[in-house]
Amino acid sequence: MIKKLLQLEALLVLSISIWIYFYHFHFSLFWFLVLLLSPDISTLGYIINSKVGTIIYNLFHTYFSSITCTLLGILVDTKLPIAIGLIWIIHIGMDRVIGYGLKHKDSMKETHLQMLK
């Protein structure tokens, strides 16, 4: 039940962010498609070791980081960080909807959503 609720919440965040990106700001579909999976580059941290990989991955897969980027863009009235932040939020929402979450330090495959029912 908790997992489904969190996935529903992520779907709402995903949907609202897509609406804001395309219909409020009218940002580019091309850059959306190019950057959508870019936060997954953070998995390269696992090349160093699992602790570093987990920290880097989780930093790139929390709403805190992506919302901060978006808000900074709004505060300085610059569209690039707004667009990047929204795509980042959409990526995280997409991951959460399909069941991916924050990684545990013990395993790259275990996430916080997999432990919930």
Spacing of [atom1] belonging to [X] relative to [atom2] belonging to [Y], to within rounding of 0.5 Å:
{"X": "Ile67", "Y": "Ile74", "atom1": "CD1", "atom2": "CD1", "answer": "10.5 Å"}
{"X": "Leu36", "Y": "Leu29", "atom1": "CG", "atom2": "CG", "answer": "10.5 Å"}
{"X": "Leu75", "Y": "Thr68", "atom1": "CG", "atom2": "OG1", "answer": "10.5 Å"}
{"X": "Ile16", "Y": "Ile90", "atom1": "CD1", "atom2": "CD1", "answer": "11.5 Å"}
{"X": "Lys4", "Y": "Leu8", "atom1": "NZ", "atom2": "CG", "answer": "10.5 Å"}
{"X": "Ser28", "Y": "Ile87", "atom1": "OG", "atom2": "CD1", "answer": "8.0 Å"}

Less than 4.5 Å apart, side chain to side chain, heavy atoms only: is that true for [X] and [Y]?
{"X": "Ile84", "Y": "Trp31", "answer": "no"}
{"X": "His61", "Y": "Asp95", "answer": "yes"}
{"X": "Val52", "Y": "Tyr46", "answer": "no"}
{"X": "His91", "Y": "Asp40", "answer": "yes"}

Are [X] and [Y] linked, directly or through other ILVMFWY residues, by side chains that come within less than 4.5 angstrom of each other?
{"X": "Leu33", "Y": "Leu14", "answer": "yes"}
{"X": "Ile89", "Y": "Ile41", "answer": "no"}
{"X": "Ile20", "Y": "Leu72", "answer": "no"}
{"X": "Trp19", "Y": "Leu71", "answer": "yes"}

Minimal non-hydrogen separation, [X] against [Y], with atom names:
{"X": "Val97", "Y": "Gln7", "answer": "O-NE2, 3.0 Å"}
{"X": "Met94", "Y": "Leu37", "answer": "CE-CD2, 3.9 Å"}
{"X": "Gly93", "Y": "Ala10", "answer": "O-CB, 3.7 Å"}
{"X": "Pro39", "Y": "Ser42", "answer": "O-OG, 2.7 Å"}
{"X": "Leu59", "Y": "Ser65", "answer": "O-OG, 2.7 Å"}
{"X": "Leu102", "Y": "Thr62", "answer": "CD2-CG2, 3.8 Å"}

[X] side-chain N/O to [Y] backbone N/O, donor-acceptor pair under 3.5 Å:
{"X": "His26", "Y": "Tyr23", "result": "yes"}
{"X": "Thr78", "Y": "Leu80", "result": "no"}
{"X": "Ser66", "Y": "Gly85", "result": "no"}
{"X": "Asn58", "Y": "Lys103", "result": "yes"}

So with a 6.0 Å cut-off around CG of Asn49, is the heavy-atom count from everything else above 12?
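Yes - once you tally the heavy atoms of other residues, nucleotides and ligands closer than 6.0 Å, there are more than 12.
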For Phe60, all residues meeting ring pair (Phe, Tyr, Trp, His ring centres under 6.0 Å), sequence neighbours excluded
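If we apply the ring pair (Phe, Tyr, Trp, His ring centres under 6.0 Å) test to Phe60, skipping adjacent residues, the hits are Trp88.
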Less than 6.0 angstrom separating the ring centers of Tyr21 and Phe32, yes or no?
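Yes, the ring centres sit under 6.0 Å apart.
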Using side-chain contact (heavy atoms from CB on, under 4.5 Å), reason through Ile82 and Leu86 one step at a time and then give a plain yes or no.
CA-CA 6 Å; Ile82 297 171; Leu86 286 170; 3.9 Å; yes
